[in-house]
Amino acid sequence: MQNPRNFHVLPPKFFLFVVASAQRRFSVCMAVLFVSAIGFVAQAQIMVPSSSGASPSGNAMPQGMNANNLPANIQQQIKGQTGPAKGQAGQTGVQGRTSPTSQSRATRAQLTNPKNGQLTAVAATDTADQGPQTDEEIIKAGALRAQRRELEDKRQRTFGYLLFNDPAMEKTFEPNLNIATPRNYVVGPGDQLTIQMFGFSEADFSQTVSPDGNVYFAQATGVGPVFVSGLTIEQMKARIVGRLSKRFVGLRASTYGPQNTYLEISLGGTIRSIRVSVTGDAVRPGTYTLSSLSTVMNAIYQAGGPNDIGSYRKVQLIRNNKVAATLDLYDYLINGIQRNDLRLQDNDNIRFTTFLEKIEITGTVKRANIFEMLPGETLDRLLFYAGDFAAQAYKNRLKVTRLTDREVKVIDVTTPEFKTFLMQDGDVVTVERLLDRFENQITIEGAVYRPGQYSLDNNQTLKKLISTAEGLKGDAFIGRITIVRTREDLAIENLSINLANIMAGTEPDIPLQREDQVIVPSRFDQVQLANISVQGEVNSPDTEMPYMAHMTLNDALLRTGGLKESAAASMVEVIRRKKDADPRSPSAQIAETFRFNVNRDLSINSDANKDFILEPFDQIIVRRSPNYAVQTYAFVSGEVIIPGSYPIRTKDQKISDLINQAGGLTPQAYVEGATLVRPVKLSADEIQRKQKAIEEVANNSTKSVVETDVIRPNVAEPIGINLKRILAKPGSSEDILLQEGDTLRIPKLLETVRIQGEVQLANTVKYRAGQTFQDYISQTGGFTSKSQRKRAFVIYANGSVDRTRKFMFFNVYPRVEPGSEIVIPRRAATPLTAQQILTSTVGVAGSLLTLVTTLILISRVK
């Protein structure tokens, strides 16, 4: 590539190279899509071919997908891998296996030996350190990964695969070494035998079978070696007894007497090992070292069971070059029967044959898997392997997808054909679900005693359905009922029926259909719900009391708990709406009022309206008696003779009356400091109106700021009073009327004055009669340079305030009384210095002089 500095002089060949690269990238993308489609559509197992390029099952591989033309970096990675996981072809490391001896050699063998039936080409998963890959290599690696995922998914769905490849079940298929010696056990070299003779003669001949298959007895017995290899336990015992009986005649009954000596033979603690070969289409074929108590199933599990093309239905046990037994693993997987599960012998061969037919069943069955079937087995047998239909399965017809010589076809198999329909390799059986609808359900609802769903088979007409629903209720509106019907085209139609005529027999009965919905309305559904309102001075007001026919005024008052003590019994009103008001009359009556005098026992003092009948939507109002008042109290505290709460006996009771009730003032009472605190309760509407008024004033104010306290619904406000004037002239305008909750506070004589604000030292000093405002300021060190003297004010003990006034150039300060508080505000602006005052004065004088001079000149010009 040229130097980047010379990019402006690139040759024309560079642009041709860019165009060619773009075309090449487009071709690569199309190839990726084509190969991916092949990987997902393929139905047969995808195998790595031999040099001929064909898989063992006869299916041709896609062009270019054999082991010989894989990319070099993928071949190198395949050769260097350590082996696939358990359950896949080429796994090594099984105890006792003798071949192959090298995992890398086994991996290479898988690439050229298709008999395993496995997908042996492993796609590269990390090629970061292999250098850059070409587009062709990336395509092939992606195709291999897709094929591998498809094959692994197919393995997982094959019935029986998980049993032989589940690590959690590894201990399940180990032989039991603690069982009693089987009588048909075949003895061989290396077996440890326990031979005990007891009875009249006793001896222990326990030993291990020699490599040449003999057991030896002591020379004193005169027996010598006995060949036992290849004999069962029973046969060996008979042979040994026959040889020992020549020396120990008691082992058999004879002319010398009955049998009095016995011989027992069993296997000892060490069980010999045998070597068994597993060949054919197994996951892990090879030679295994097993216990002599192992059976064929133990060896099958060690070999991982059949591989992708291995058969579960035909596993052969070959002994002495003859087929000794054939196992059908489905007997064990489905029925739990271990038929032909013989005990293994040394040099036995277990051969996995190739499957003939595999059929997949999907949908609503209990086991949706891929099953292996024998030639001649039918669809009925496949359903047995799948555990039969699930509860929601559609059983009348199954869909079978079958591969023909040229294409794929679909076959519908009905129930009578299940037992005769033969299955073929590659079939896919689909079991569909039931339709989400009822074939014979009808519904009735409304004014019947038992609404709900019913069977059409037993209720084919409308009258029969109503009879089954226990009949109509008394409020049934039978003049017009509704049948909502779903037609075959799923359209909904509404049928209006006169049930009264059908019940009377003047019209024919109506036949019902599937999914009909019969609705019997109630008369109460046709009218507006009416109620009665009772409010006012009753114990339990009710504004939505249900109306009942013939309900009287007494009944309504009784249901609300009767009248309160505060009720004005002579002013009970019933307001009734008018239904026939003249719309053309401007003064038409729209409501009618009835007034009653009701006794405390709720009887009416009127013979004409003794039982006044209410109508729907009547409103009953029981007003409050104008003469009724609840006891209210005012409170007095502080320097009175008897402080406490006192009743407000009259509407015009005042503060002076409250002091008289409390026995008068004590000698220490400070009359000038008395305050009255009154609770103020505001409704939500009053708070809203006050807040709105304040906001309007604030918005209209352009030169001032309106600041107020937050308005609260319940607050206690102090009221400034002059108790001295009240006591001097009781009943005057100063003597305020008492209200409920008022509190009169009369403090003890106060002898201090508090000074705060902008003074030299804020302090509280003793009150002295005759001292003025300035005297108390002097006791704090005087004003500061920032004191705003003309704004000073005094807060008195009773809560009232007095401010400083101005007389010409002098400040007239308010008087100071005991308990007062003097407040000196602070000036916000900084006071001018002497130099600033002088400068300002000179400037103003200069301006005036200039103005005077200008006026003189103007006058002379005129």
Side-chain angles (χ1 to χ4, degrees), residues 43-46 57 85-89 116-119 149-170 172-173 278 280-284 296-297 299-316 326-341 350 352-390 393 398-403 413 418 421-431:
Q43 296 292 330
Q45 298 190 16
I46 302 173
S57 60
K86 182 178 180 181
Q88 300 177 7
N116 293 336
Q118 303 292 316
L119 177 63
R149 285 194 299 267
E150 181 184 1
L151 182 58
E152 183 61 28
D153 178 66
K154 195 170 184 179
R155 288 175 184 158
Q156 296 289 337
R157 291 186 287 113
T158 300
F159 180 68
Y161 171 80
L162 295 178
L163 176 68
F164 297 107
N165 294 274
D166 187 357
M169 301 183 65
E170 186 174 357
T172 305
F173 288 92
V278 179
D281 298 314
V283 172
R284 295 184 295 274
V296 178
M297 289 297 296
I300 290 175
Y301 183 80
Q302 290 293 330
N307 62 15
D308 296 334
I309 63 172
S311 174
Y312 288 83
R313 310 298 305 275
K314 191 177 181 181
V315 182
Q316 295 177 342
T326 301
L327 279 73
D328 187 346
L329 298 183
Y330 277 20
D331 285 342
Y332 175 72
L333 296 175
I334 297 177
N335 303 320
I337 300 174
Q338 294 182 332
R339 186 182 290 112
N340 294 334
D341 187 18
I350 299 173
F352 285 88
T353 61
T354 304
F355 78 88
L356 297 179
E357 295 180 2
K358 277 191 177 180
I359 291 88
E360 182 177 0
I361 184 169
T362 61
T364 50
V365 291
K366 296 176 182 176
R367 284 193 292 265
N369 292 105
I370 298 175
F371 295 92
E372 179 185 349
M373 299 190 69
L374 298 176
E377 288 189 322
T378 61
L379 178 58
D380 186 61
R381 190 64 179 173
L382 175 64
L383 290 173
F384 170 74
Y385 295 151
D388 213 339
F389 294 105
L398 302 184
K399 183 187 297 182
V400 179
T401 304
R402 175 162 294 177
L403 303 175
V413 184
F418 288 175
F421 185 81
L422 298 178
M423 306 305 299
Q424 293 183 12
D425 185 29
D427 283 352
V428 178
V429 180
T430 303
V431 182

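Nothing fancy with the numbering, it's 1 onward along the sequence. These numbers come from a predicted model, not from an experiment.
- Residues satisfying the side-chain hydrogen bond (donor to acceptor under 3.5 Å, both in side chains) test with Arg381, not counting sequence neighbours, are Tyr385.
- Here Thr158 contributes atom OG1 and Ile370 contributes atom CD1; the two are 4.5 Å apart, rounded to the nearest 0.5 Å.
- Minimum interatomic distance between Phe352 and Ala282 (heavy atoms only, all atoms of both residues): CD1-CB, 3.5 Å.
- Shown here for Ala368 and Gly363, the closest heavy-atom pair between the two residues is CB-O, 4.4 Å.
- For the pair Val283 and Gly304, the tightest heavy-atom approach, listed with the atom from each and the gap, is CG2-O, 3.4 Å.
- Under the rule for a salt bridge (Lys or Arg N to Asp or Glu O under 4.0 Å), the partners of Asp331 that lie at least two apart in sequence or sit in another chain are Arg339.
- Closest non-hydrogen pair, Asn340 versus Val296, comes out as O-CG2, 4.5 Å.
- To the nearest 0.5 angstrom, Leu383 atom CG is 6.0 Å from Asp388 atom CG.
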TODO: Quick one: do Phe389 and Thr364 satisfy side-chain contact (heavy atoms from CB on, under 4.5 Å)? Show the steps, please.
DONE: CA-CA 6 Å; Phe389 294 105; Thr364 50; 5.7 Å; no

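- Between the side chain of Thr353 and the backbone N or O of Lys314, at least one donor-acceptor pair lies under 3.5 Å.
- Between Glu152 and Arg149 there is no salt bridge, since none of the side-chain N atoms of the basic residue sits less than 4.0 Å from a carboxylate O of the acidic one.
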Open item on the list: Is there a side-chain contact (heavy atoms from CB on, under 4.5 Å) between Arg284 and Val278? Walk through the geometry before answering.
Closed with: CA-CA 8 Å; Arg284 295 184 295 274; Val278 179; over 6 Å; no

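- Contact detail for Phe418 and Val413: the closest heavy-atom pair is CE2-O, 3.5 Å.
- Side chains of Leu356 and Pro375 form a contact here, defined as non-hydrogen atoms less than 4.5 Å apart.
- Counting heavy atoms from C-beta on, the side chains of Tyr161 and Tyr312 come closer than 4.5 Å.
- Interatomic distance, CD1 of Ile337 versus OH of Tyr330, reported as 15.5 Å (0.5 Å rounding).
- Asp341 pairs by the side-chain hydrogen bond (donor to acceptor under 3.5 Å, both in side chains) definition with Thr295, not counting sequence neighbours.
- Looking only at side-chain heavy atoms (C-beta outward), Leu163 and Leu333 come within less than 4.5 Å of each other.
- Evaluation of the ring pair (Phe, Tyr, Trp, His ring centres under 6.0 Å) rule for Phe371 yields Phe159 as partners, not counting sequence neighbours.
- Residues Leu329 and Val315 meet the side-chain proximity criterion, which asks for heavy atoms closer than 4.5 Å.
- Looking at every heavy atom in both residues, Met373 comes nearest to Met423 through SD-CG, 3.8 Å.
- Not counting sequence neighbours, the partners of Asp425 by the side-chain contact (heavy atoms from CB on, under 4.5 Å) test are Phe355, Glu357, Lys358.
- Residues Ile361 and Leu398 fail the side-chain proximity criterion, which asks for heavy atoms closer than 4.5 Å.
- Going from atom CD1 of Ile359 over to atom CG of Asp427 covers 5.5 Å, rounded to the nearest 0.5 Å.
- Scanning for side-chain contact (heavy atoms from CB on, under 4.5 Å) contacts around Thr362 gives Glu360, Thr430, with sequence neighbours left out.
- Annotation: side-chain hydrogen bond (donor to acceptor under 3.5 Å, both in side chains) contacts of Thr326 (sequence neighbours excluded): none.
- Applying the side-chain hydrogen bond (donor to acceptor under 3.5 Å, both in side chains) rule to Ser311 yields the partners Glu372; only residues at least two apart in sequence or on another chain are considered.
- Checked against side-chain contact (heavy atoms from CB on, under 4.5 Å), Lys366 has no partners two or more places apart in sequence or in another chain.
- Under a 3.5 Å cut-off, the side chain of Asn369 and the backbone N or O of Arg157 do form a donor-acceptor pair.
- A distance-only check finds no donor-acceptor pair linking the side chain of Asn335 to the backbone of Tyr332 [under 3.5 Å].
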Open item on the list: The test is side-chain contact (heavy atoms from CB on, under 4.5 Å); show your working for Met297 and Gln302 and say whether it passes.
Closed with: CA-CA 9 Å; Met297 289 297 296; Gln302 290 293 330; over 6 Å; no

